[in-house]
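Start at 1 and go down the list; that is how both ligands and their atoms are numbered.
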Amino acid sequence: MSRMISVEEAGEAIIHVGRRMYERGYVAANDGNVSVRISQDRVLVTPTGMSKGFMARSDLVVVDMAGRKVSGKREPTSEVKMHVRAYELRDDVNAVAHAHPPYATAYAVAGIPLEECILPEVILTLGSVPLARYGTPSTEEVPESIEGVVMRSDAFLLKNHGVMTVGPDVLGAYHKMETVEHFAHISFIAGQLGRVKPLAREEVDKLVNLREHLGIKGPYPGCVESGTCSVGDSVDESRLVKMIVEEVVKTLREGKHALD
Ligand SMILES: [Zn+2]
């Protein structure tokens with residue numbers, strides 16, 4: 001786990017990010033929530049029933065790892081369990097952001113994960129953006145629904161709901177939210193143009209290497225599920241066999257000998 005920040009620093013960062021989410025239209029009314037891990041067993045979270053664009057330090061709430069309020073005049077976000085579950089599962093995560101940015105949320109509503117390898121920046125910073133199954137807001141279904149995806153990605157869609165991002169600090173988690181929404185917006189427009197052309201496998205592999213050189217942390221899910229590219233050793237055997245067979249068939253069709 002990286003360095004813990006003070007409650008004061010964490011509070012300032014949450015308020016800053018809340019304002020930016022609100023100003024960019026990532027949340028409406030009282031939607032969205034942000035949290036920061038401030039010690040081994042304490043998390044500072046945004047309150048329920050309040051716009052995230054207009055919070056003061058005194059509006060934030062401290063909870064324990066079960067999501068129970070420890071201090072604060074307001075009540076914690078109704079999605080507090082989703083936040084603490086991410087901290088429980090990932091030691092490297094110290095901040096969580098959740099919002100409903102329109103383009104990415106539209107993909108979540110359509111049930112389409114953002115997994116195509118189309119933008120180098122996204123592959124470098126996020127890998128791909130999987131889709132978590134639907135869970136009724138504020139119930140145990142939500143933390144359960146994120147368990148699989150949070151282990152393999154720093155950013156993911158919540159089906160028929162919105163987006164969740166995690167990071168080593170709150171600005172890092174928020175920046176991933178911006179990247180996801182930008183990615184969704186561009187994907188949508190490219191789809192309208194009728195030509196979404198994924199990057200070639202070799203190009204994706206170069207980006208994966210670059211990512212390792214740069215020491216970018218966080219799980220790298222790759223774009224395997226979309227079937228557009230391979231990602232090093234995360235390619236499973238059956239897929240690899242299929243790829244080889246496809247190559248051989250292609251070579252034969254082109255009139256070349258596969259073996260000579
Ligand atoms: Zn929400």
Side-chain angles (χ1 to χ4, degrees), residues 13-37 43-55 59-61 63 66-69 72 74-90 93 95-114 126 129-150 153-167 170-185 188:
I14 289 175
I15 289 163
H16 172 77
V17 158
R19 197 179 302 128
R20 286 173 70 175
M21 288 202 320
Y22 178 77
E23 282 169 1
R24 287 184 77 95
Y26 289 2
V27 287
N30 299 333
D31 296 345
N33 29 74
V34 182
S35 71
V36 175
R37 172 154 39 192
V43 176
L44 188 65
V45 299
T46 51
T48 188
M50 183 182 189
S51 168
K52 305 308 167 301
F54 305 94
M55 297 180 293
D59 293 318
L60 304 179
V61 186
V63 297
R68 288 176 302 233
K69 178 165 134 178
R74 290 181 176 269
E75 290 308 309
T77 166
S78 56
E79 299 297 3
V80 68
K81 286 186 175 137
M82 172 175 87
H83 290 247
V84 293
R85 188 65 53 90
Y87 297 124
E88 257 170 38
L89 293 170
R90 296 251 321 253
V93 166
V96 174
H98 164 62
H100 309 154
Y103 285 91
T105 302
Y107 276 83
V109 168
I112 306 170
L114 290 159
L126 297 180
V129 184
L131 175 71
R133 69 170 191 272
Y134 180 73
T136 307
S138 84
T139 70
E140 192 59 33
E141 287 173 26
V142 180
E144 278 169 15
S145 75
I146 69 155
E147 281 179 359
V149 285
V150 78
S153 186
D154 286 354
F156 44 90
L157 308 178
L158 305 171
K159 194 151 191 279
N160 288 80
H161 184 174
V163 180
M164 177 170 160
T165 54
V166 301
V170 72
L171 202 58
Y174 169 71
H175 279 160
K176 284 170 194 155
M177 182 73 69
E178 280 197 359
T179 302
V180 170
E181 178 61 352
H182 202 222
F183 181 27
H185 196 168
F188 177 77

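Every salt bridge (Lys or Arg N to Asp or Glu O under 4.0 Å) that R20 has, sequence neighbours left out, goes to E178. Remark: E141 pairs with no residue by the salt bridge (Lys or Arg N to Asp or Glu O under 4.0 Å) rule, at least two apart or across chains. For H83, there are no ring pair (Phe, Tyr, Trp, His ring centres under 6.0 Å) partners, not counting sequence neighbours.
By the criterion of a separation under 2.8 Å, the protein N/O/S atoms near the Zn ion (ligand 1) amount to H98 NE2, H100 NE2, H161 NE2.
Residues E88 and K81 are not paired through a salt bridge, judged by the lack of any N-O separation under 4.0 Å between the basic side chain and the carboxylate.
What you find for S35 and V43 is that their closest heavy atoms are CB-CG1, 3.7 Å.
Atoms OH and CE, on Y26 and M177 in that order, are 8.5 Å from each other to the nearest 0.5 Å.
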